Enquirer: 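Quick one: the structure is below, and I'll ask about it shortly.
Per chain, numbering begins at 1; letters A, B, ... match sequence-line order. The structure displayed is predicted, hence computed values, not measured ones.
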Protein chains: 2
Amino acid sequence: MKGETLKSYQTFDRVKLLTRHLQNHNATPCVYDFDTKSLRKLLDGASVDDIDYIFNLMIQSNLFCPRERDGKVFIAPDFNQSMEQQREMTMRRIDYLREQGVFDELFSKGHLWGFVLSEALGVYDHSLSIKVSVHFFLWGGAIRFMGTKRHHDKWFKPTETYQVKGCFAMTELGHGSNVRGIETMTRYDASTGEFIINTPCESAQKYWIGGAANDATHTVVFSQLEINGVNQGVHAFIAQIRDENGNKHPNIRIADCGHKIGLNGVDNGRIWFDNLRIPRENLLNSVADVSPDGQYQSAIKDPDQRFAAFLAPLTSGRVMIAGSSMYSTKIGLAIAIRYSLSRHAFSIRPNEPEVLLLDYPTHQRRLLPLLAKTYALSFASNYLKMIYIKRTPESMKSVHLASSALKAVLTWHCMRTLQECREACGVQGLQTENHVGHLKKEYDVQLTFEGDNNVLMQQVSKVLLAEFLAAKKRNKPIKGLGLEHLNKPVPIIPSHLTTSILRTTQFQTDIFCLRERDLLHRFATEVSQHLAQGESKEHIFTVTYQIAEDLGRAFSDRLILQTYLDVEATIPEGPLKGILGLMRSMYTTIVLEEDASFLRYSYLSTDNAAVVRKEVLKLCSELRPHALSLVSSFGIPDAFLAPIAFNWVDANAWSSV
Amino acid sequence: MKGETLKSYQTFDRVKLLTRHLQNHNATPCVYDFDTKSLRKLLDGASVDDIDYIFNLMIQSNLFCPRERDGKVFIAPDFNQSMEQQREMTMRRIDYLREQGVFDELFSKGHLWGFVLSEALGVYDHSLSIKVSVHFFLWGGAIRFMGTKRHHDKWFKPTETYQVKGCFAMTELGHGSNVRGIETMTRYDASTGEFIINTPCESAQKYWIGGAANDATHTVVFSQLEINGVNQGVHAFIAQIRDENGNKHPNIRIADCGHKIGLNGVDNGRIWFDNLRIPRENLLNSVADVSPDGQYQSAIKDPDQRFAAFLAPLTSGRVMIAGSSMYSTKIGLAIAIRYSLSRHAFSIRPNEPEVLLLDYPTHQRRLLPLLAKTYALSFASNYLKMIYIKRTPESMKSVHLASSALKAVLTWHCMRTLQECREACGVQGLQTENHVGHLKKEYDVQLTFEGDNNVLMQQVSKVLLAEFLAAKKRNKPIKGLGLEHLNKPVPIIPSHLTTSILRTTQFQTDIFCLRERDLLHRFATEVSQHLAQGESKEHIFTVTYQIAEDLGRAFSDRLILQTYLDVEATIPEGPLKGILGLMRSMYTTIVLEEDASFLRYSYLSTDNAAVVRKEVLKLCSELRPHALSLVSSFGIPDAFLAPIAFNWVDANAWSSV
């Protein structure tokens, strides 16, 4: 909180505020004087310096459109520019970052660097982050993980220098989530040693391909591979689509996807292949290959297993989306909470001074649970990055499960938080310069990208069910996916909850485990009842979505709580541990209040639900004095926030026009 | 459904579909072969022809940017234009409508015409609708309702011809919702017979004033009025801010609000008044006046009552917002449901054809309850317009209450529906040409405009409580605001719900009334407990928001159900009544499932809640065959929808590039 200039903060008197807010509650609140830098280190971990390095590079360049308001400098893209201009600016910013050496040796660096890039650039502009991510982590990632040494040797260097600009042509007009159903067709011509890629019908056109409309010179193409009349399923190939001067290859047609509700700095396009010929070596052959004489070769004989192995590397996309969603969320909260600490509205009694927004219990209820949740979800995102980086063939099931669950929960939380922040800022939230509202449209894509969130939740439950049934069949304790708690006795929830019980890790863990366990049993029962009626498994999973989605959330919440407790365990007793405990209680309590499944399945009695509800009020008033420190701990430089986050009256003064 | 060209609809076989979808349910579903035109007449009532007239005017002009896709013409603004270009196009479209006579004699026409204009223009573009509404219904409305004959005679005509372009300067940088706290100051100079309007500080600048940045020549200014050293509270004045050539008045400064997340066709601006002098006659004097010699005169002596009477006309804003929200919702649903009837995804079993999106129970659950709710809320919006038009001083309390409740509930529903529709369309929902996602950012303002929705809900509950306590004090049956059901015995909810019980109007009415009644009692109890502890009323209302918001929703839902039943009562037995009954059951059942208060306060046992949940599945499958007819009944011409609502494969074909 050093250098804080906002006038009203000068009158910020913690003791007075606490007295006022808590006068009607019996809680004995603690005010934790924790160090914001230490808390930030928990959030950004080993990446703090790298993130700050990227932040500073952007702040230093005029390409990032700095503008002064009331003595403070803010940077943000000019969203009044046309799509064409925004695209051009995105490319120019990438050129600048490249010149600064940001991408040097990128493929030799650890994975964490990739997450830093995606997240830190996204704090400035989602288009910039996506455009870089498509090039390095979709195009480059496909070469890295789906290709082999021959591809690495040839393509890494020119990708790092942007001599080659890559895109990633998987999605088609007719097939998005269903990769297996894509219709692009590739055959092999042994006489020339070439593959021939073709778009057989309109629904097979490659669709929404970031980078394709303007800039990309190369693409990874996902296509069915037919060898000697047999369809071997979906494979990935490298194809050049433009020459170094930007001229399209004669066997390629490209169209623009046009204007979008956000991400207009990315040139999404559509591609048709007209029997494009590419060298045999361009097949990304980590899982399967074709010999010069046209024989299909793969160590994995089962097509389902082969397809799974082939797609496994794409998990990184969900990990990246989950991570970046937390940064968008933090920007929204930092702005809305700072505004609520300087904006007054109405007097409680005539002739009294007007009340700060965040001193209204309603306003606390809108923002502070989301703040606590953001911490919980950020820790979960860090956990996800770590298990992804350390993944082994054995851990891939866990990684896949966690990435599906957390991608859904974190992006939902992001959109909900941005919407709440926008409304909490009133009309100011609608001005582009204030970001809060604007971020929503930039971010919206993530809810359905890399899997619709609802579908992901159902997938999570299917995996859990399979694991549960397998353990039952083996007649052994269940192991893995965090389900070991099912081997223990059923947790007992106290019949009369109190504040002190609600804040114990024991109770919090118990009720989250109880919910997951019970829902898994119920899901298993429901599925088996349908099976007994002779219905097909496939049909059953389409009609049991209600409980499957409940279970998906239960799994996610239990996982998030677990990772939170793991973080807390590393912190010595003190103010930091104190504030973390308070936020954990807020996180669990708000889940108990908001997810109707606790009442629906009687994990909470109505009496206990009433206690939970009162506890939310209490927790809000206890978190209130920490609100500013908690958003400061996000570590986002002021330049990436907005005028309303600071002295918005002076920023709007005539002298600033 | 005449002229329907979408290929997949040709294979639309109701009987087959029903058989497939219902094979696992015991319901005996009816397929209602209702007339879509009759249903539309229920939605648009007496305004059908007027709405179609406006639609056709827009379709006929090149100013509305028609573009052909696969033989169909769509019209929509070019959102790739800069803010400046969008503003210019909005004004040119208004000029065209004026030339066509749309605004002739507008102030002599009934109120319904105003709603038609706002709603029908909004189907094309929210900016166009808002820009017209600010001029006629904020500027013009203030003159009409806050002014008297001298103002009507002088300003109606030039407003209708756009010789005068009006705006409405109420909101200030420092005060939005809290009109009473605005800081602009006006004094009277008896020596010249003029008022002098001044902006005393930066927070008093008029803010977010639609039309001010570029076009407006005149404004209604809201200001404190100080007469002989006494502040008489907020009054409204007419002030000229630009001459006919667009030159600003020397005592006015104006700045632009800049780029926004939506509504960039409206030129929102900020105004500072530097002791601007205006004639005495420019005070809008329906409630109070100042004599030439500077005496303040008003028939209403109590300042609170005077302020209430003064602001009463602004209720029309909420009525208009509620109405227009239903049209935005309909566009989103029409597009998403039509897309879900032609887009396939995944096969249930290998080698089977892929399944239509709307044949997935999850997809039905996402869209069909929102569809039924949209009908229920549209009927409520029509009711609101009617009671507003027929308002009397006695009915104003009801009108105010209904407008607050329905503005909140309808705009929340609109945003939620648009978000769900965007996600249901996947990436297609992000393309501006497909509207669904784009509408969200245009519409977002309504959630906080004319009162933040959460605050409105609390206000509703405060009014209900006051009415309840007054009746108790009088020791007489409660009368008015629809609360008469409180005089009857407490409704008994059956201990074992069944499909047939859930679908009776008796049960539906009972449980909605039970909830409203019980929450009102609980709210009264909670408030009185706080009072007994010596807390101030003002403080109490800030901490009882949880139950107040529950009660606000309970009131709204009961009101909506009542208006629905009133509409149904006018329809003879037959298919139309059948489909209306089915949608009513969907509306009530989804409220029972989604609002946790039914479980929280035990209006539903957990067993009954489980029955409700299963019923949602059933109702979805029963509504499924009607989905296309139900969105066709909205009566929105194809040109206002989007390529994905029709043959999106052909619309995306290379030949359409």
Enquirer: Quick check for you: to the nearest 0.5 Å, what is the distance between A/Leu599 atom CG and B/Phe598 atom CZ?
Expert: 13.5 Å
Enquirer: Scan residues 601-613 of chain A for pairs that pass salt bridge (charged side-chain N to carboxylate O under 4.0 Å, His left out), counting only residues two or more places apart or in two chains.
Expert: A/Glu593-A/Arg613, A/Arg613-B/Asp550
Enquirer: Need one label for A/Gln85: side chain, backbone, both or neither, based on atoms under 4.5 Å from any heavy atom in chain B.
Expert: neither
Enquirer: Just give me the residue among A/Met415, A/Glu84, A/Glu433, A/Gln428 that pairs up with chain B most often, heavy atom to heavy atom, under 4.5 Å.
Expert: A/Gln428
Enquirer: Looking only at heavy atoms and a cut-off of under 4.5 Å, which of B/Gly176, B/Ala653, B/Ser602, B/Cys257 has the most pairs with chain A?
Expert: B/Ala653
Enquirer: Just how far is it from atom NE2 of A/His175 to atom CZ of B/Phe346, taken to the nearest 0.5 Å?
Expert: 8.5 Å
Enquirer: Using side-chain hydrogen bond (donor to acceptor under 3.5 Å, both in side chains), reason through A/Asn268 and B/Gln431 one step at a time and then give a plain yes or no.
Expert: CA-CA 10 Å; A/Asn268 291 83; B/Gln431 291 189 262; over 6 Å; no
Enquirer: Take B/Ser536 and A/Arg349, measure what side-chain hydrogen bond (donor to acceptor under 3.5 Å, both in side chains) needs, and give me the verdict at the end.
Expert: CA-CA 9 Å; B/Ser536 76; A/Arg349 289 186 204 81; 2.9 Å; yes
Enquirer: Let me know if A/Ile254 has heavy atoms under 4.5 Å from chain B in its side chain, its backbone, both or neither.
Expert: backbone
Enquirer: Heavy-atom distance under 4.5 Å to chain A: side chain of B/Gln205, backbone, both or neither?
Expert: side chain
Enquirer: Side chain, backbone, both or neither: which part of A/Asn80 has an atom under 4.5 Å from a heavy atom of chain B?
Expert: both
Enquirer: Working to the nearest 0.5 angstrom, can you tell me the gap between B/Trp648 CH2 and A/Leu173 CG?
Expert: 5.0 Å
Enquirer: Is it the backbone or the side chain of B/Ile540 that comes under 4.5 Å from a heavy atom of chain A, or both, or neither?
Expert: neither
Enquirer: For chain A, find which of B/Thr171, B/Ile348, B/Asn453, B/Val616 contributes the most heavy-atom pairs closer than 4.5 angstrom.
Expert: B/Ile348
Enquirer: Contact part of B/Lys440 toward chain A, heavy-atom cut-off under 4.5 Å: side chain, backbone, both or neither?
Expert: side chain
Enquirer: If we define contacts as heavy-atom pairs under 4.5 Å, which of A/Arg422, A/Gln458, A/Lys260 has the most with chain B?
Expert: A/Arg422
Enquirer: I'd like to verify something: which residue of A/Glu594, A/Arg365, A/Gln81 has the highest number of heavy-atom pairs under 4.5 Å with chain B?
Expert: A/Arg365
Enquirer: Would you check if the side chain of A/Lys441 reaches a backbone N or O of B/Ile261 as a donor-acceptor pair within less than 3.5 Å?
Expert: yes
Enquirer: For the candidates B/Arg180, B/His438, B/Arg366, which exhibits the highest count of non-hydrogen atom pairs separated by less than 4.5 Å from chain A?
Expert: B/Arg366
Enquirer: Evaluate B/Glu423 against A/Asn454 for side-chain hydrogen bond (donor to acceptor under 3.5 Å, both in side chains), listing each step before the verdict.
Expert: CA-CA 10 Å; B/Glu423 294 175 38; A/Asn454 297 293; 4.8 Å; no
Enquirer: If you count heavy-atom pairs under 4.5 Å with chain B, which of A/Asp256, A/Val649, A/Leu447, A/Asp78 comes out on top?
Expert: A/Leu447
Enquirer: Are A/Leu617 and B/Tyr545 packed together at the side-chain level, in the sense that at least one heavy-atom pair is separated by less than 4.5 angstrom?
Expert: yes
Enquirer: Top residue by heavy-atom pair count (under 4.5 Å) with chain B, among A/Gly181, A/Ser177, A/Ala345, A/Gly258?
Expert: A/Ser177
Enquirer: Answer with side chain, backbone, both or neither: which region of A/Trp272 has an atom nearer than 4.5 Å to a non-hydrogen atom of chain B?
Expert: side chain
Enquirer: As an exercise: rank B/Gln419, B/Lys537, B/Glu549 by heavy-atom pairs under 4.5 Å with chain A and give me the winner.
Expert: B/Gln419
Enquirer: What closest approach, in Å, do A/Tyr207 and B/Asn652 show between heavy atoms, and which atom pair accounts for it?
Expert: OH-OD1, 3.4 Å
Enquirer: Quick one about A/Glu354 and B/Asn178 (side-chain donor to acceptor, distance below 3.5 Å, no hydrogens or angles considered), yes or no?
Expert: yes
Enquirer: Please report the interatomic distance OG1(B/Thr448) to CG(A/Leu430), rounded to the nearest 0.5 Å.
Expert: 5.5 Å
Enquirer: Pick whichever of B/Thr606, B/Thr362, B/Val657, B/Asn434 has the most heavy-atom pairs under 4.5 Å with chain A.
Expert: B/Thr362
Enquirer: What part of A/Gln86 gets within 4.5 angstrom of chain B, counting heavy atoms only: side chain, backbone, both, or neither?
Expert: neither
Enquirer: Under a 3.5 Å distance rule, please check whether B/Arg600 uses its side chain to pair with a backbone N or O of A/Ala596 as donor and acceptor.
Expert: no
Enquirer: Need one label for A/Ser605: side chain, backbone, both or neither, based on atoms under 4.5 Å from any heavy atom in chain B.
Expert: neither
Enquirer: Taking atom CD of B/Glu202 and atom OG of A/Ser655, what is their separation to the nearest 0.5 Å?
Expert: 6.0 Å
